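Notes follow the structure.
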Amino acid sequence: MSLTLTRPAAAAPTASHQDAGDLGEFGYQQQLHRNLGRFASFAAGFSFVSILTTIFQLFGLGFGFGGPAFFWTWVVVFAGQFTVALNFAELAARYPISGAIYQWSRRMGGEVVGWFAGWFMILAQMVTAAAAAIALQVVLPAVWSGFQIIGDDPSLTSSSGAANAVLLGSVLLVLTTIINSIGVNWMSRINSIGVTCEIVGVVAVIGMFFTHAVRGPQIVLDTGVPGASPGYGWAWIVSGLMAAYVMVGFGSAGELAEETRNPRRVAPRTIRLALSVSAIGGGLMILGALMAAPSLTDGRLAAEGLPYVLGAILSSPWGTLLLVDVAIAVFICTLAIQTAASRLIFSMARDERLPASKVLSHVNARTGTPIAPAVLIGMVCIGILAVNMGNSAIFATLSSVCIVLIYLAYLMVTVPLLLRRLRGGPYGAAATDADGNPLFSLGRWGLPVNVLAVSYGLLMVINLSWPRTEIFDPDGTMPLLQWSAPLTVVAVVALGALCFPRRAAHPNPVTIGARA
């Protein structure tokens with residue numbers, strides 16, 4: 001009897017070749033290594049949001065202004081951001097290209113809109129990465145006093161705490177830069193392991209909160225101490241900044257589209273999933289903390305946030321283990337933000353839209369990674385960290401303002417997309433993914449969902465930018481800081497106008513891209 005041997009693995013290269021062919025339709029060659037699967041794609045978006053990091057940092061902000069009822073701002077912000085995510089998912093299915101925000105806005109609104117959207121996101125992501133890295137100072141000295149290398153006061157507002165924060169953050173950024181330089185395989189493995197640890201930590205925290213509850217869930221109907229004039233409604237709106245700061249970055253799956261297998265199918269799904277899982281996990285953490293806090297009126301919950309609740313219900317070894325998990329979350333959050341920013345810079349440089357484009361768009365043939373953008377981001381972030389040593393209030397203000405830039409960049413996608421819909425639709429002929437499945441589409445819901453996304457984005461930009469002393473100048477020492485959001489946006493636009501490239505982009509999306 002004779003046997004005829006076949007090659008059963010032929011289907012996989014076919015899908016991979018179709019992904020590369022998709023990229024070729026937009027005028028690009030496949031340079032990055034396409035190795036990411038579904039979980040790695042999800043992990044990119046989830047770790048950027050990083051609820052274990054951000055809620056630990058910002059819970060006190062929301063509760064301090066709105067009391068227990070600030071919980072509902074989480075629901076409102078999620079609903080608004082989900083409308084944005086749905087529009088992003090539709091675009092991710094049709095434009096599976098690195099530098100997602102830049103590429104989508106460029107194709108919907110033109111070169112100027114696309115360039116400024118990318119410009120806003122680059123600056124915002126650099127500041128966000130620095131802000132994430134500085135969070136190590138909040139966690140590591142509490143795990144072991146030996147991490148307080150400089151001085152003995154771990155507080156971020158002290159001189160020794162600020163200096164030590166810069167040291168720890170700089171070490172973290174060096175590590176993430178190395179990981180981003182040696183290849184997407186290492187990045188995705190480390191990120192996936194970290195996300196798994198973070199999810200386990202989130203589930204553990206939620207479980208501990210609910211099993212140690214001292215009050216019922218109806219506490220979310222309590223407004224706590226009434227806000228200052230013009231009343232509680234204003235205080236509740238301010239408390240919503242906490243949720244607005246947290247639920248960003250869910251579109252990172254789109255940034256890694258050129259490294260994802262079958263991105264037309266995977267990226268739209270993981271954009272929605274990353275935001276939804278983050279919202280559910282974060283909402284349960286907030287609710288559980290409100291139910292388990294020893295006191296809601298002694299001022300400690302507003303001042304100390306979640307560590308106050310955990311310290312009250314956990315024995316020391318378990319509390320230390322959880323802090324280690326938070327440190328892991330900080331690490332992968334910084335890694336994910338730097339990765340997304342490096343792909344954005346690579347994408348813009350490849351189109352010759354940045355200074356030193358040839359260097360920034362170069363992909364290492366062995367690692368399949370653009371190394372220069374990762375190094376640039378690491379260096380800039382370390383420089384931004386140094387601001388905290390001189391004035392922690394300015395650093396906190398920068399962190400707040402960068403969220404405004406992210407929301408503006410989102411609007412530079414959703415507004416042109418809405419205008420395109422009103423003119424008859426943003427897409428050409430129907431298309432399928434690498435497996436032959438129809439692409440994700442909002443269908444007849446596209447227009448109302450898009451209107452909601454734009455309306456929400458405009459309202460949130462106003463809310464984030466409003467000149468509030470209690471947010472931008474809580475010590476009352478620098479009154480000009482309360483105007484930092486509008487002034488920074490003006491400065492960023494002016495600087496962007498000076499840096500805007502006068503030469504035409506390459507390739508031109510008007511003439512290239514059968515499905516664009």
Side-chain angles (χ1 to χ4, degrees), residues 25-27 79-97 99-122 124 248 250-251 254-255 257 264 267-268 271-272 275 344 347-348 351 353 404-431 439-465 486 489-490 492-493 496-497 500-501 504-505 507-516:
E25 292 184 9
F26 298 105
Q81 288 292 65
F82 195 68
T83 63
V84 176
L86 288 173
N87 284 282
F88 283 6
E90 202 171 35
L91 289 169
R94 288 153 181 84
Y95 305 103
I97 314 173
I101 298 297
Y102 155 71
Q103 293 286 357
W104 300 338
S105 59
R106 178 191 180 202
R107 282 164 169 75
M108 294 298 104
E111 292 296 339
V112 174
V113 173
W115 191 88
F116 274 97
W119 172 247
F120 286 166
M121 283 299 293
I122 288 173
V248 294
F250 46 84
E255 300 288 357
R264 289 184 182 271
I271 286 173
R272 291 170 286 152
L275 178 60
L344 173 57
S347 183
M348 294 183 70
D351 289 349
R353 310 309 282 160
V404 180
L405 295 179
I406 291 177
Y407 275 81
L408 283 172
Y410 286 0
L411 277 172
M412 297 178 83
V413 175
T414 56
V415 171
L417 176 59
L418 176 60
L419 296 176
R420 186 73 71 90
R421 289 188 197 276
L422 292 172
R423 292 198 298 265
Y427 316 123
L439 300 183
F440 172 79
S441 176
L442 292 173
R444 60 193 178 100
W445 293 100
L447 183 59
V449 169
N450 205 157
V451 169
L452 289 173
V454 170
S455 301
Y456 163 78
L458 290 171
L459 290 173
M460 193 55 70
V461 166
I462 294 172
N463 190 25
L464 287 163
S465 306
V489 170
V490 170
V492 168
V493 170
F500 183 79
N508 188 337
V510 175
T511 60
I512 296 179
R515 305 180 201 183

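All figures in this text were calculated on a predicted structure; none of them were measured in a lab.
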- side chain to side chain contact (heavy atoms under 4.5 Å, CB included) between Ile101 and Leu344, intermediate numbers included: CA-CA 8 Å; Ile101 298 297; Leu344 173 57; 5.6 Å; no
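- Checking side-chain atoms of Glu90 against main-chain N and O of Ser441 turns up no donor-acceptor pair under 3.5 Å.
- Between Ser455 atom OG and Met460 atom CE the span is 12.5 Å, to the nearest 0.5 Å.
- With Phe500 as the aromatic partner, Arg353 meets the cation-pi criteria of under 6.0 angstrom to the ring centre and within 45 degrees of the ring axis.
- For the pair Arg272 and Phe440, the cation-pi criterion (under 6.0 Å, within 45° of the ring axis) is fulfilled.
- In this structure, Ala93 and Leu439 approach most closely via the heavy-atom pair O-CD1, 3.5 Å.
- The shortest non-hydrogen separation linking Asn87 to Thr83 is ND2-O, 2.8 Å.
- Two rings, from Tyr410 and Phe250, have their centers less than 6.0 Å apart.
- No donor-acceptor pair closer than 3.5 Å links the side chain of Ser465 to the backbone N or O of Ile462.
- Side-chain contact check for Leu422 versus Leu447: some heavy-atom pair is nearer than 4.5 Å.
- Looking only at side-chain heavy atoms (C-beta outward), Phe26 and Arg107 come within less than 4.5 Å of each other.
- Considering CG of Leu91 and CD1 of Ile271, their distance stands at 8.5 Å, rounded to 0.5 Å.
- Contact check for Tyr407 versus Phe120: no side-chain heavy atoms found under the 4.5 Å cut-off.
- Although no hydrogens or angles enter the test, the distance criterion places no donor-acceptor pair under 3.5 Å between the side chain of Arg421 and the main chain of Val451.
- The shortest distance between side-chain heavy atoms of Val415 and Met108 does not fall below 4.5 Å.
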